2 protein chains.
Amino acid sequence: MKIGELSIKSGVSIRMLRYYEERGLLTPKRTASGYRDYDEEELRTLERIKLLASAGMNLNTILVFLPCIRGDQHVFEPCDELIDLLHDQIKMVNEEVAKLSHSKTVLEHFLYDIENTK
Amino acid sequence: MKIGELSIKSGVSIRMLRYYEERGLLTPKRTASGYRDYDEEELRTLERIKLLASAGMNLNTILVFLPCIRGDQHVFEPCDELIDLLHDQIKMVNEEVAKLSHSKTVLEHFLYDIENTK
DNA sequence: ATTGACCCTCACAGCGCTGTCAGGGCTTAT
DNA sequence: ATAAGCCCTGACAGCGCTGTGAGGGTCAAT
């Protein structure tokens, strides 16, 4: 399957598909004329990438995490050391949430003040 | 007070103080020799900027919001139209939180799978 | 053979800050 | 007058993607 088709199937832009390849996340074969040629496995990999990205991982992190995940989203053996990475990631998310909840407090405080002033 | 002193007092880097000026958030006087000369009022303004920034506002937003806030963090009259802006901001924060909570779900799902696989 | 739709690579731009460096003046004390 | 320490402007770099454009092949149908 050529890049345009994959892009439509996956909802990932052509630009990004090429970028994923550049970063080593996808490695499609090439046709004689140099066109990228993706197979079904590649599509499944792409779904995994989207999943990991939706968990807030950047591409560097995904790159090390990716080999550890099967298409059905379960993890297999040789990746025990990634538990730490996962905990780090969760910690980052928690910190982000804490920050946002603080932001929200400040904003709501403003709103309260406005309504009590006018 | 010169920029270095303000930087230490406020905890804001010299680079950022100059940037705030460039963006119109601070307007210090100048000495005869061209040095920035900040007064106490400027320091108070800076505290307000920090507060707004901690609420997740970017400088563009702060720029329109700033004139509406007194040093004691209360809002005054002529800024009613900013209620919308505030609601928008809160909405953005809520969306961000929702996104993060989804991320966390995905991550915890991974963790669960790892622990049930090994 | 021509056209249109698709593909290729390379590379610049932009987000919203923030650091850092270069090249140069000012101030104060010795 | 010399040195240390501060200040000035201007400009480039980097984060982590993502879009877009240039310049140029390929493929399928007509």
Side-chain angles (χ1 to χ4, degrees), chain A residues 1-39 42 46 48-66 85 88-89 92-93 95-96 99-100 103, chain B residues 1-39 42 46 48-66 85 88-89 92-93 95-96 99-100 103:
Chain A
M1 142 178 49
K2 281 181 291 183
I3 198 167
E5 193 184 339
L6 181 62
S7 174
I8 288 167
K9 268 189 186 160
S10 64
V12 175
S13 74
I14 290 178
R15 176 68 179 84
M16 280 295 101
L17 290 176
R18 296 205 258 244
Y19 185 58
Y20 289 163
E21 180 176 356
E22 189 187 326
R23 299 296 305 278
L25 295 169
L26 290 175
T27 51
K29 292 177 290 297
R30 297 293 182 124
T31 68
S33 57
Y35 286 14
R36 271 164 264 256
D37 184 21
Y38 299 89
D39 57 24
E42 227 96 39
L46 191 49
R48 286 170 236 163
I49 292 173
K50 285 171 64 181
L51 184 72
L52 292 168
S54 81
M57 287 191 193
N58 62 26
L59 293 196
N60 285 325
T61 307
I62 291 177
L63 191 55
V64 302
F65 211 99
L66 196 52
L85 197 159
D88 286 355
Q89 197 72 25
M92 281 173 57
V93 170
E95 281 163 6
E96 205 59 34
K99 206 182 296 171
L100 285 175
S103 296
Chain B
M1 136 179 54
K2 282 182 289 182
I3 198 167
E5 193 184 339
L6 180 63
S7 174
I8 288 167
K9 267 189 186 161
S10 65
V12 175
S13 74
I14 291 178
R15 177 67 179 85
M16 280 295 99
L17 291 176
R18 297 204 259 242
Y19 185 58
Y20 287 163
E21 180 176 357
E22 190 187 326
R23 299 296 306 279
L25 295 169
L26 291 176
T27 50
K29 292 178 288 299
R30 297 294 182 125
T31 67
S33 58
Y35 286 14
R36 270 164 266 254
D37 184 22
Y38 299 90
D39 57 23
E42 226 96 41
L46 191 49
R48 287 170 235 162
I49 293 172
K50 285 171 64 180
L51 184 72
L52 293 168
S54 81
M57 287 191 193
N58 63 26
L59 293 196
N60 286 324
T61 307
I62 291 176
L63 192 55
V64 302
F65 211 101
L66 197 51
L85 195 159
D88 287 354
Q89 198 71 25
M92 280 173 56
V93 170
E95 281 163 7
E96 205 59 34
K99 205 182 298 173
L100 285 175
S103 296

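We use all heavy atoms of the structure for the numbers below, so side chains are in, but hydrogens, waters and symmetry mates are not. Below, chain A is the first sequence line, B the second, and so on; all start at residue 1. For clarity, every value in this text was computed on a predicted model and none was experimentally measured.
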Those residues at least two apart in sequence (or on a different chain) that pass side chain to side chain contact (heavy atoms under 4.5 Å, CB included) with A:D88 are none
With B:S7, which residues qualify under side chain to side chain contact (heavy atoms under 4.5 Å, CB included), at least two apart? B:I14, B:L17
Side chains of A:Y19 and A:R23, donor plus acceptor under 3.5 Å: yes
In the 5'-to-3' direction, what one-character label does each nucleotide of nucleotides 14-27 of chain C receive under the scheme B = base within less than 4.0 Å of a protein heavy atom, S = sugar-phosphate only, - = no such atom? ---SBBB----BBS
Protein-nucleotide distance ([X], atom [atom1]; [N], atom [atom2]), rounded to Å:
X: A:I8; N: C:dA5; atom1: CD1; atom2: C1'; result: 12 Å
X: B:K29; N: D:dC8; atom1: NZ; atom2: C1'; result: 18 Å
X: A:E22; N: C:dC8; atom1: CD; atom2: P; result: 13 Å
X: B:I14; N: D:dT9; atom1: CD1; atom2: C1'; result: 14 Å

Mind checking side chain to side chain donor-acceptor pair (under 3.5 Å) for A:D37 and listing every partner two or more places apart, or none if nothing turns up? none
Nearest 0.5 Å, please: how far is [atom2] in [Y] from [atom1] in [X]?
X: A:R18; Y: A:R36; atom1: CZ; atom2: CZ; value: 5.5 Å
X: B:Y20; Y: B:L46; atom1: OH; atom2: CG; value: 7.0 Å
X: A:K2; Y: A:T31; atom1: NZ; atom2: OG1; value: 8.0 Å

Five-pair end axes of the helix from C:dA1-D:dT30 to C:dT30-D:dA1, angle between them (10°): 30°
Identify all side-chain donor-acceptor contacts of residues 49-59 of chain A below 3.5 Å with residues at least two apart in sequence or on another chain.
unit_1: A:K50; atom_1: NZ; unit_2: A:S10; atom_2: O; d: 2.7
unit_1: A:S54; atom_1: OG; unit_2: A:L51; atom_2: O; d: 2.7
unit_1: A:N58; atom_1: OD1; unit_2: A:N60; atom_2: N; d: 3.3
unit_1: A:N58; atom_1: OD1; unit_2: A:T61; atom_2: N; d: 3.0
unit_1: A:N58; atom_1: OD1; unit_2: A:T61; atom_2: OG1; d: 2.8

Kindly say if A:R36 contacts the phosphate of C:dC8, meaning a side-chain N or O under 4.0 Å from OP1 or OP2. yes
